[in-house]
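Read the structure below first, then the notes.
The shown structure was predicted, so the numbers you read here are calculated from the model rather than taken from an experiment.
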There are 2 protein chains.
Amino acid sequence: MTGAWLRTGEVAEAAGVNAQTLRYYHRRGLLREPRRSNGGHRLYPPETVTALRVIKAAQRLGFTLDEVADLVEAGGHRHGRPDRGLQARAVAKLTEVEQKIADLQTIRETLLQAVDAGCDDLMACAASSCCPLPFAELTEGGRRADVD
Amino acid sequence: MTGAWLRTGEVAEAAGVNAQTLRYYHRRGLLREPRRSNGGHRLYPPETVTALRVIKAAQRLGFTLDEVADLVEAGGHRHGRPDRGLQARAVAKLTEVEQKIADLQTIRETLLQAVDAGCDDLMACAASSCCPLPFAELTEGGRRADVD
DNA sequence: TTGCATCCTGTACCCCGGTACAGGCTTACC
DNA sequence: GGTAAGCCTGTACCGGGGTACAGGATGCAA
């Protein structure tokens, strides 16, 4: 089973990422360093392409690269750990995503109101209070802004 | 009318921002440079606090600082320009926000499916295709990812 | 006048997810 | 064995929105 090793560029192209990104993921601990040729060139097993697709999928689901690194790690040595990573983390991420959707919907409402009100100069509106824009600090009265 | 000038720290505190942020906004063209004391200290009119609140409100609505700078500028010399900035831009931003909501809802669905399916190791799932996660490139078949 | 808080400028740094470049070595093919 | 494409390393840079720090000048009150 020595016929299928892939070089950096081949892996990158197959997974649809930049070759530099591979090195970056090694640095970030998302990919293990593969074996090397005598001359020092990396030689990847074909599964690496799958690993990259997994990483990209997780990113699309809103996980940061640090979180992805955790997930991969958790998947790796999940040999009887009580952790059971993926489920719990997916649920947590789901909550985050739902919060973000709610936030954006608030923003949407506000924009709609602003358009309806037809105001045309922010400073003038702020002065005359004709405008429904939330000039007061939302971040103190409502939910915290430092969360996202 | 010379009793109400505010110093940098006073403005910053009244508006709930860091004093350094004021300098940053000057650099970005979001605030005009105010008058100075003999010694070179900035002396702001009280409206500056309102201006800062407006900027923060616009940010909360999803405008970037560059966009806010445009909006402020447009509001300022809107003396017969055909531009009529705020309305058009608010509508455009509304579209963006709605797109983001739609994207997040797709992500939400996918996460829900992943949780339902109960898979626990990304790599294993990717290999066995038991898992409903979109490991293939969504970004090519579906909507473009370079938009946001 | 002295002392301390505040302010000034310029510059560097932070996070995040990469991307680019320089200068040199390896591999693959003819 | 020559040559071009590809790969190696280290380092610097991008954008977005700030924050921090150094070293010096001012402002204000006692």
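Residues B/Arg28 and B/Val68 fail the side-chain proximity criterion, which asks for heavy atoms closer than 4.5 Å. The shortest side-chain heavy-atom distance between B/Val11 and B/Arg7 does not fall under the 4.5 Å cut-off. Looking at heavy atoms from C-beta onward, B/Thr48 lies out of side-chain contact with B/Leu6 at the 4.5 angstrom threshold.
In this view, B/Arg23 satisfies the side chain to side chain donor-acceptor pair (under 3.5 Å) rule with no residue, not counting sequence neighbours. Among residues two or more places apart in sequence or in another chain, the side chain to side chain donor-acceptor pair (under 3.5 Å) test is passed with A/Glu96 by A/Lys93.
Shown for residues 38-45 of chain B: residues whose heavy atoms fall under 4.0 angstrom of DNA chain D, namely B/Gly39, B/His41.
To the nearest angstrom, C1' of C/dT19 lies 12 Å from OH of A/Tyr25. Here the C1' atom of nucleotide C/dC7 and the CZ atom of B/Arg23 are 10 Å apart, to the nearest Å. As rounded to whole Å, 15 Å separates atom P of C/dT19 from atom NE2 of A/His26. The distance from atom CZ of B/Arg27 to atom C1' of C/dA12 is 11 Å, rounded to the nearest whole Å.
Mapping A/Asp66 and B/Gly9 onto DNA chain C by nearest heavy atom places B/Gly9 closer to the 5' end of the strand. Both B/Phe63 and B/Arg7 lie close to DNA chain D; mapped to their nearest nucleotides by heavy-atom distance, the more 5′-ward contact belongs to B/Phe63.
Dashed line: the shortest gap from a side-chain N or O of A/Tyr24 to OP1 or OP2 of C/dC16 is not under 4.0 Å. Listed pair B/Thr8 / C/dC8 meets the phosphate criterion, a side-chain N or O lying under 4.0 Å from OP1 or OP2. Taking 4.0 angstrom as the limit, B/Gln20 places none of its side-chain polar atoms (N or O) nearer than this to OP1 or OP2 of C/dC7. Taking side-chain N and O atoms only, A/Lys56 has a distance below 4.0 Å to OP1 or OP2 of C/dG18. Taking side-chain N and O atoms only, A/Ser37 has no distance below 4.0 Å to OP1 or OP2 of C/dT26.
Pairs engaging residues 9-45 of chain A under the ring pair (Phe, Tyr, Trp, His ring centres under 6.0 Å) rule: A/His26-A/Tyr44 [sequence neighbours left out]. Within the structure, ring pair (Phe, Tyr, Trp, His ring centres under 6.0 Å) contacts touching residues 86-123 of chain A (residues at least two apart or in different chains) do not occur.
One distance of note links CG of B/Leu22 with CD of B/Glu33; it measures 10.0 Å at 0.5 Å rounding.
Of all nucleotides in DNA chain D, those with any atom nearer than 4.0 Å to a heavy atom of chain B start and finish, going 5' to 3', at D/dG17 to D/dG27.
Without hydrogens or angle criteria, A/Glu13 side chain to A/Glu10 main chain gives no donor-acceptor distance under 3.5 Å.
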